[in-house]
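Start at 1 and go down the list; that is how both ligands and their atoms are numbered.
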Amino acid sequence: MGVLNLTPDSFSDGGRIAGVEPAVHAAARMLRQGADVLDLGAQSTRPGAEEVGPERELERLLPALAAIRAAHPGARLSVDTFHAAVAEAALDAGADWINDVRGGNVTGAAVGGPAAGSLRDPAMLPLIARCGCPYVLMHSRGDSRSMDALAVYGDVVAEVHAELEAATATALAAGVRRERIVWDPGLGFAKTSEQNLALLRRLPELAAAGYPLLVGPSRKRFIGAVLDEPRPRARLWGTAAVCALAVAGGAAVLRVHDVGPIAQVTRMAAAVAGVTPVSAPQP
Ligand code: HH2
């Protein structure tokens, strides 16, 4: 999954794709380099990011989405949003998947945050149930302002697992079909570096639940912390190491900025591990 950020403030590539033409160009490049899905985002989720609201998100998203859809009718397009209004407009404009970083946001209450579930848009799950599209349900706690303070766990893997199960039960009760759900442990979302590493080390435990696993390590802070590399764009080798191990650990989809090199890493790691690289749902 190639990351296509249409934001001025994303943590590693904010402002690099300004306008429709650069977006179409970036999409073509990532597809050429081996991306199976493109993930378009118009709201940064980095810790501390300002929430721009659905109208602004749609202004950034829709022209690029329509142009990419027109240029690549057969491409699988995902939209990274936690607003149902944005998801609905995006699906109408030809998006195939919804990637919801608040999909598994069932907690926050434990350490004084908002009440359980209150950050999730209540219209999101009924929309996904209605349209039947693949749905990335990512684990997180709180929002971009509160998430760092909510990275408090006893056993991070057991708790993320339990919270994903709870969020999945809510999604199924809302009518979302089981085979449409992709799980994501949400690396960097309400997790310390050590907690991210523990989740990656014990990825097979999450994979055993039976949902295709999406993992998004690309250029993230925990890689910078391990490698003492403050420049996000210089974290490619660290990202590659994580991706190779994630494939061996059962990941089905890797969400990355550097599609060309990581597509090679993924294919090679899958060959060594003896697994099929992509088994995520088709739209
Ligand atoms: N990470 C980011 C954004 N969306 N979605 C999923 N499912 N999993 C992730 O790990 C994930 C995600 C953060 O990365 P990026 O999009 O590059 O940055 P920003 O949120 O600042 O735009």
Side-chain angles (χ1 to χ4, degrees), residues 1-18 23 26 30 35 37-52 56-57 60-61 64 76-83 86-87 90 95 97-105 120 124 128 133-141 143-145 147-148 151 160 164 167 171 181-191 193 195-196 199-200 203 206 211-224 231-233 235-236 238-239 242-243 246 251-259 262 280-281:
M1 172 183 271
V3 180
L4 212 159
N5 281 326
L6 305 160
T7 46
D9 56 343
S10 286
F11 80 96
S12 81
D13 58 355
R16 293 185 72 85
I17 300 179
M30 285 194 258
V37 192
L38 301 180
D39 190 38
L40 281 63
Q43 160 70 59
S44 172
T45 58
R46 73 180 158 73
E50 186 204 344
E51 284 190 22
V52 297
R56 185 91 193 84
E57 212 181 313
R60 291 175 178 170
L61 175 72
R76 258 190 274 182
L77 303 180
S78 162
V79 169
D80 185 345
T81 187
F82 46 79
H83 288 124
V86 175
W97 291 25
I98 296 301
N99 171 23
D100 182 2
V101 299
R102 294 204 180 153
N105 198 339
R120 189 198 286 132
M124 185 64 97
I128 303 297
C133 66
Y135 179 60
V136 180
L137 192 153
M138 192 198 82
H139 178 272
S140 185
R141 288 178 170 180
D143 60 15
S144 37
R145 289 184 198 280
M147 65 168 98
D148 281 350
V160 166
L164 282 172
I181 294 175
V182 176
W183 270 17
D184 182 342
L187 297 177
F189 288 78
K191 279 105 192 164
S193 293
Q195 289 160 354
N196 290 316
L199 283 161
L200 287 163
L203 209 56
L206 294 178
Y211 298 94
L213 266 188
L214 185 153
V215 180
S218 194
R219 302 178 178 173
K220 281 186 177 167
R221 261 190 307 178
F222 74 99
I223 296 174
R231 299 164 301 165
R233 291 170 62 77
R235 296 173 186 159
L236 173 60
T239 300
V242 174
C243 287
V253 185
L254 299 163
R255 183 182 180 278
V256 296
H257 301 86
D258 303 287
V259 169
I262 301 298

Enquirer: Report yes if the side chains of Ile98 and Cys133 come closer than 4.5 Å at any heavy-atom pair, otherwise no.
Expert: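 The answer is yes; the side chains approach within 4.5 Å.
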Enquirer: Considering heavy atoms of the protein only, find what lies nearest to atom 8 (N) of ligand 1 and give residue, atom and distance to 0.1 Å.
Expert: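 In this structure, atom 8 (N) of ligand 1 has Asp184 OD2, 2.6 Å as its nearest protein heavy atom.
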Enquirer: Do the side chains of Leu214 and Trp183 get nearer than 4.5 Å, heavy atoms only?
Expert: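 Counting from C-beta outward, Trp183 and Leu214 never come under 4.5 Å.
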Enquirer: Looking only at protein heavy atoms, identify the closest one to atom 20 (O) of ligand 1 and say how far it is in Å.
Expert: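 Heavy-atom neighbour on the protein nearest atom 20 (O) of ligand 1: Thr45 OG1, 2.5 Å.
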Enquirer: Can you confirm whether Arg46 is buried at CZ, in the sense that more than 12 heavy atoms of other residues, nucleotides or ligands lie under 6.0 Å from that atom?
Expert: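 Atom CZ in Arg46 is packed in, count exceeds 12.
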Enquirer: Which residue supplies the protein heavy atom nearest to atom 4 (N) of ligand 1, what is that atom called, and how far is it?
Expert: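 Atom 4 (N) of ligand 1 sits closest to the protein heavy atom Asp80 OD2, 2.8 Å.
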Enquirer: Salt-bridge test for Arg233 and Asp258: reply yes if a basic N is under 4.0 Å from a carboxylate O, no otherwise.
Expert: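 Between Asp258 and Arg233 there is no salt bridge, as every charged N stays at least 4.0 Å from the carboxylate O atoms.
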Enquirer: Tell me the contacting part of Met138 for ligand 1: side chain, backbone, both, or neither, using a 4.0 Å heavy-atom threshold, strictly below.
Expert: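 The answer is the side chain.
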Enquirer: Which residue and atom name correspond to the protein heavy atom nearest atom 18 (O) of ligand 1, and how close is it?
Expert: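 Residue, atom and distance for the closest contact: Phe11 CD2, 3.3 Å.
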Enquirer: Atom 17 (O) of ligand 1: which protein heavy atom is closest, and how many Å away?
Expert: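 Nearest neighbour among protein heavy atoms for atom 17 (O) of ligand 1, to 0.1 Å: His257 NE2, 2.7 Å.
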Enquirer: Using distance alone, determine whether Asp39 and ligand 1 share an N or O pair under 3.5 Å.
Expert: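 In this structure, Asp39 places no N or O atom under 3.5 Å from an N or O of ligand 1.
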Enquirer: Do we see a donor-acceptor contact under 3.5 Å between the side chains of Thr81 and Glu57?
Expert: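 The criterion, which ignores hydrogens and geometry beyond distance, is satisfied for Glu57 and Thr81.
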Enquirer: Considering the heavy atoms of Val136, write down every atom of ligand 1 situated less than 4.0 Å from one of them.
Expert: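 Contacts of ligand 1 toward Val136, numbered from 1: 7 (N).
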Enquirer: Quick test: of every protein heavy atom, which one is nearest to atom 2 (C) of ligand 1, and how far off is it to 0.1 Å?
Expert: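 For atom 2 (C) of ligand 1, the nearest protein heavy atom is Arg255 NH1, 3.4 Å.
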Enquirer: For atom 22 (O) of ligand 1, find the nearest protein heavy atom and state the residue, atom name and distance (0.1 Å precision).
Expert: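 Checked against all protein heavy atoms, atom 22 (O) of ligand 1 sits closest to Ser10 OG, 2.4 Å.
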Enquirer: With rounding to the nearest 0.5 Å, note down the distance linking OG in Ser144 to CZ in Phe82.
Expert: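 Atom-to-atom, Ser144:OG and Phe82:CZ are 6.5 Å apart.
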Enquirer: Would you check the N or O atoms of Asp9, main chain and side chain alike, for any that come under 3.5 Å of an N or O of ligand 1?
Expert: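 Such a contact does not occur with ligand 1.
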Enquirer: Just so I know, are the side chains of Pro8 and Arg60 near enough to count as touching, which here means a heavy-atom distance under 4.5 Å?
Expert: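 Sidechains of Arg60 and Pro8: in contact.
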Enquirer: Kindly confirm or rule out an N or O of Ser44 lying under 3.5 angstrom from an N or O of ligand 1.
Expert: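 Min N/O separation from ligand 1 is below 3.5 Å for Ser44.
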Enquirer: Report, in ascending order of atom number, the atoms of ligand 1 lying under 4.0 Å from any heavy atom of Val101.
Expert: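 By the 4.0 Å cutoff, the relevant atoms are 4 (N), 5 (N), 12 (C).
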Enquirer: Near Arg46, which atoms of ligand 1 are under 4.0 Å from a heavy atom of that residue?
Expert: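 So the atoms of ligand 1 that pass are 20 (O), 21 (O).
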Enquirer: Heavy atoms only: which of Asn99, Leu214, Leu6 lies closest to atom 5 (N) of ligand 1?
Expert: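 Nearest option to atom 5 (N) of ligand 1, by heavy atoms: Asn99.
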Enquirer: Can you confirm whether Asp184 sits close enough to Val182 that some side-chain heavy atom of one is under 4.5 Å from a side-chain heavy atom of the other?
Expert: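 The answer is no; the side chains never approach within 4.5 Å.
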Enquirer: So does Lys191 pair up with Asp148, basic N to acidic O under 4.0 Å?
Expert: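 No.
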Enquirer: If you have a sec, work out which protein heavy atom is nearest atom 1 (N) of ligand 1 and how many Å separate them, to one decimal?
Expert: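 Going by distance alone, atom 1 (N) of ligand 1 is nearest to Lys220 NZ, 3.0 Å.
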Enquirer: Would a 4.5 Å heavy-atom cut-off, applied to side chains only, mark Val136 and Asp39 as touching?
Expert: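 In short, these two side chains do not touch, never coming nearer than 4.5 Å.
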